[in-house]
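Scope of the values below: all heavy atoms of this structure, side chains included, with no hydrogens, waters or symmetry mates.
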Amino acid sequence: MTMYKTISEAVAIFDSLDPASIHTITEDVSGETMTGTPADLVQRIIEQDQETAGSISHGATTTEGWAIIETAYAIAGNEVVTNPDGGHKWTGLHGRG
């Protein structure tokens with residue numbers, strides 16, 4: 001599996017995904033498997049992050065799954081903003097790019 005090297009690369013992968021595609025990620029503590037579109041999974045990850053005050057982690061078996069997770073964490077941390085065209089932009093608040 002070829003992984004991205006920066007958060008901005010992960011966000012670019014996320015933005016390139018077909019919005020109707022289905023992906024699977026796992027919440028590491030409970031082992032809950034979540035399946036859905038990229039937007040559905042980002043929303044669920046953000047909700048879990050808020051519910052647990054950030055003390056949750058997720059895993060995936062594909063580069064695309066990891067990009068979804070990374071994008072969700074970056075959005076939750078206000079490190080990524082949504083552009084008017086629906087794409088996302090890394091703001092680099094924490095110095096990782």
- Between D49 and A76, what is the shortest heavy-atom contact and its length? OD2-CB, 3.6 Å
- Message: A side-chain contact here means heavy atoms from C-beta on lying under 4.5 Å apart; do E70 and F14 qualify?
- Response: no
- Task: Please name the pair of heavy atoms, one in V29 and one in E27, separated by the smallest distance, quoted to 0.1 Å.
- Result: N-OE2, 2.8 Å
- Looking only at heavy atoms, which two atoms of I46 and A72 are closest? And how far apart? CG1-O, 3.7 Å
- Query: Can any side-chain N or O of Y4 pair as donor or acceptor with the backbone N or O of W66 at less than 3.5 Å?
  - Reply: yes
- Note on the structure: Between the CD1 atom in I68 and the NE2 atom in H23, the distance rounded to the nearest 0.5 Å is 4.5 Å
- Task: Compare every heavy atom of T24 with every heavy atom of T33, then report the nearest pair and how far apart it is.
- Result: CG2-CG2, 3.2 Å
- Note on the structure: Separation between CD1 (I69) and CG (D28), nearest 0.5 Å, reads 7.5 Å
- Shortest non-hydrogen contact from S21 toward P38: O-CD, 3.3 Å
- Message: Once rounded to the nearest 0.5 Å, what's the spacing between atom CD of E32 and atom CD1 of I25?
- Response: 9.0 Å
- Note on the structure: Heavy-atom nearest pair, A10 first then A67, reads O-CB, 3.4 Å
- Query: Transitively linked via ILVMFWY side-chain contacts under 4.5 Å: I75 with I56?
  - Reply: no
- Item | Straight-line distance of I13 CD1 to M3 CE, nearest 0.5 Å | 7.5 Å
- From T26 OG1 over to M34 CE, what is the distance, rounded to the nearest 0.5 angstrom? 7.5 Å
- In Å, rounded to the nearest 0.5 Å, how long is the span from CG of D40 to CD1 of I45? 11.0 Å
